[in-house]
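Comments concern the structure below.
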Amino acid sequence: APSTKVIHKEGILYLLVNSFNRETVHEITTQIQKAKEQEENTINGLIIDLRSNPGGILSQAIGVTDLFLKTGRIVSTHGRHPSSRRHYTARSTDILSGQPIVILINGRSASAAEIVAAALQDNKRAIIVGTTSFGKGSIQFVGRLPNDGELILTWSKFVAPSGYILHGLGVPPNVCSRKSEVDSKFFASEILDQTTNFLRIKKAWRKVSQNNKKKKENLRSKCPASNKRDPHDLKLARKLISDNILYNVVSGNSLPVAAIRE
């Protein structure tokens, strides 16, 4: 069965990715190109729904990210053994030519889904909306023992482009849907407040020790993981895509928040 689905509505593409299997990159490429050819009106942006996506094949996560990046680090793997340390970088063109991207995540977004979200967020290519993701970012080797038991060895861990280890932390959303009122007349002001908080949180995210479980739990509690697929997320995404100035500020591609307020 296809792992993806694309819907075009009011100038915005909605891309649902259920998992990352061997055909995911091909499916997304084909569907987006088809939508671009069929629609007479310009595509104004893309919403990638990774909520409750448990992950899948690493190469497909890298390939999907590469569809939307011209340059930049996608992910690194780091472990004790030198051969476990690898770096993956973007090598293709941006299939959307810089159009806004909003990614939806929740507490069940894990592994490959988190790699895509973290990479596009850290490269300022997408805004993340939702709640903190699951935090599964390790490569494990499963060995069979003589007594029919199994030995599970963590070989390496995924490192986001900005330098934090995904495992046990997850990806922090730029906009926490639990703290955002879509229909409020103060929508822009509230989102800018969240952006200021996000910059502080992201700095702490990069510095926290992997062994400091209490600190990691405290950081994750800033936007507690939710397993729901809240319709509120989609409304937030569409609002952000429709406001170009706000989108650029939240994504980190424009002036600092304080300067916009002035």
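Everything quoted here is computed from the prediction, not taken from an experiment.
K179 has no carboxylate O lying under 4.0 Å from a charged side-chain N of E190, or vice versa, which leaves the two without a salt bridge.
Using a 4.5 Å heavy-atom cutoff, the side chains of P224 and R178 are in contact. Put simply, the side chain of I47 does not reach to within 4.5 Å of the side chain of L15, judged on heavy atoms.
Contact detail for D94 and K70: the closest heavy-atom pair is N-CG, 3.9 Å. When all heavy atoms of G170 and W205 are compared, the closest pair comes out as O-NE1, 3.0 Å. Across all their heavy atoms, A160 and A118 have their closest contact at CB-CB, 4.0 Å.
With hydrogens and angles left out, the side-chain atoms of S251 and N174 include no donor and acceptor closer than 3.5 Å. A donor-acceptor pair shorter than 3.5 Å can be found between the side chains of S162 and D122. Judged purely by distance below 3.5 Å, without hydrogens or angles, the side chains of S3 and S19 never pair a donor atom with an acceptor atom.
Transitive grouping of hydrophobic side chains (ILVMFWY, heavy atoms separated by less than 4.5 Å) keeps V75 and F134 in distinct clusters. Note: the hydrophobic cluster containing I62 also contains L120 (ILVMFWY, side chain heavy atoms under 4.5 Å, direct or indirect links). Under a hydrophobic clustering in which Ile, Leu, Val, Met, Phe, Trp and Tyr are joined whenever their side-chain heavy atoms come within less than 4.5 Å, directly or via other members, L58 and I165 fall into different clusters. Note on L169: it clusters hydrophobically with I103, by side-chain heavy-atom contacts below 4.5 Å among ILVMFWY residues. In terms of hydrophobic clustering, with Ile, Leu, Val, Met, Phe, Trp and Tyr side chains grouped at heavy-atom distances under 4.5 Å, L166 and I57 are assigned to different clusters.
Each of I32, V25, T30 was scored for a side-chain contact (heavy atoms from CB on, under 4.5 Å) with I28, with one residue passing: I32. Screening D230, D233, N106 for a side-chain hydrogen bond (donor to acceptor under 3.5 Å, both in side chains) involving S177 leaves a single residue, D233.
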Trace of the salt bridge (charged side-chain N to carboxylate O under 4.0 Å, His left out) decision for E27 with K5: CA-CA 8 Å; E27 288 175 12; K5 181 180 181 181; over 6 Å; no
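More than 12 heavy atoms of other residues, nucleotides or ligands shown are found within 6.0 angstrom of CZ on R206. Remark: K222 NZ is loosely packed, at most 12 non-hydrogen atoms of other residues, nucleotides or ligands lying under 6.0 Å away.
Proximity of a side-chain donor or acceptor of E114 to a complementary backbone N or O of G135 within less than 3.5 Å is detected.
Annotation: the span from F20 atom CZ to T4 atom OG1 amounts to 10.0 Å, rounded to 0.5 Å. Here CG of L240 is found 5.5 Å from CD1 of I191. Values are rounded to the nearest 0.5 Å.
Within the cation-pi definition used here (under 6.0 Å to the ring centroid, within 45° of the axis), K239 qualifies as a partner of F187.
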